[in-house]
Amino acid sequence: MNRFALSRDAIKRLDGWSTGAQALVLLDSAHKLGWTRFLVRPRRLAAIVRFTALPQDRVQNVLEALAALGVVELNGDEARLSAPFAEMMTPDGFAMLSEKLAQARLTARLLSKVVESNGAPVLSGDDSLTIARGVTFQPAQVGRDLFRETLESLPEYTAAVRRGRVLDVGCGVASGLLTTAAIFPEIRGLGLELVPAVAAEAVRRAKAQGVDDRVEIRAIDARDFDETAAYDACFWAQPFFSDHARLPTLQAIHRALAPGGVLLEQELESEPEDPAGQAAFAMRRMVFRAQSVPFAPSAECLAAEAASAGFTLVRIASTNLGRMVVLQR
Ligand SMILES: C[S@@+](CC[C@H](N)C(=O)[O-])C[C@H]1O[C@@H](n2cnc3c(N)ncnc32)[C@H](O)[C@@H]1O
């Protein structure tokens, strides 16, 4: 390549990344100022001008940019959120736009911390809460339907859950546990969560779902959990556990499960084939590894790791949420 072609190649890549970053900033600003909430319903241009207190031509330009990004639909002099983004504004949908935007902002901050400093990026309680909210789904109808389908591919785990005592280790804001409790009204659950601010949000969500009489959340390091033979089924949110916590956590789960109890783990993801997917994967891996969290171990690695704590592999199942490892105590 000649020197002009070299520069052109770099500029093309930069422009591509820049467009994504600009789209995020635009949507984030519009969301913070309430445009997204306002545009859940179709609105006349005059009403949007009144709402935003901006000149009409400025409003028009913003709407056209949001429409080009697929966030807004324009119809004559009316504008409204497109169906996918309107869905992200409903509290009983799968995921919330505000939580995804907060996660994107935090990830960008963590990326620069990894490059700029030596140690692991320090996460505040609020940061951990942003991550726990951002990676999960809402414990409502859409998530429940999806989860029911997942359970159909996991008969051994489902049978263990039906026996009634369910443990969720690294429960985050407890979407998995709250959804399980909603699907099986006969079960009782306990969620273990390291970060008190995240555990407090899980407690709040359990109350909001009306299952706090059956679902307990404990703010505790899973390694210190010392109940024995008290649970039938356990889900371990392994993707978020650091190297040094993994074996002691698996040993605590092994103690806590009754003989024959079932442990379920999810394989986070595997390296994509396409270059854009690989770039995103490498950046996520960089952030995880800076926190000493092994990134995306395969289902086979997870099975071998659990075997070292005394578990037996039942099978690796393909589900609508990717590959899951089913293990037995
Ligand atoms: C993000 S959640 C997983 C999502 C969750 N399964 C759901 O359904 O919403 C994973 C959680 O594991 C917690 N965690 C990490 N290490 C832990 C440990 N040693 N003990 C307890 N919780 C831990 C993190 O604080 C994080 O909130």
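Ligands are counted one by one from 1 in listed order, and the atoms in each one are counted from 1 as well. When reading the values below, keep in mind they use all heavy atoms of this one structure, side chains included, and skip hydrogens, waters and symmetry mates. Quick note: residue numbers are just sequence positions, from 1.
In this structure, R43 satisfies the cation-pi test against F38, with its NZ or CZ atom closer than 6.0 Å to the six-membered ring centre and inside 45 degrees of the ring normal.
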N/O contact list for ligand 1, threshold under 3.5 Å:
from     : atom 1 : to   : atom 2 : distance (Å)
ligand 1 : 8 (O)  : G176 : N      : 2.9
ligand 1 : 9 (O)  : T136 : OG1    : 2.7
ligand 1 : 19 (N) : D221 : OD1    : 3.0
ligand 1 : 20 (N) : A222 : N      : 2.9
ligand 1 : 22 (N) : L194 : N      : 3.1
ligand 1 : 25 (O) : E193 : OE2    : 2.6
ligand 1 : 27 (O) : E193 : OE1    : 2.8
ligand 1 : 27 (O) : E193 : OE2    : 3.2

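The CD atom of Q209 lies 9.0 Å from the CD atom of Q138; values are rounded to the nearest 0.5 Å.
In this structure, a donor-acceptor pair under 3.5 Å is present between the side chains of S18 and Q22.
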Item to complete: Dump the intermediate steps for side-chain contact (heavy atoms from CB on, under 4.5 Å) on R133 and R205, then the final yes or no.
Response: CA-CA 11 Å; R133 282 180 172 143; R205 291 186 180 204; 3.6 Å; yes
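No option in D232, L327, V262, L263 other than V262 meets the side chain to side chain contact (heavy atoms under 4.5 Å, CB included) test with Y157.
Closest approach of L24 and A104 over heavy atoms only: CD2-CB, 3.9 Å.
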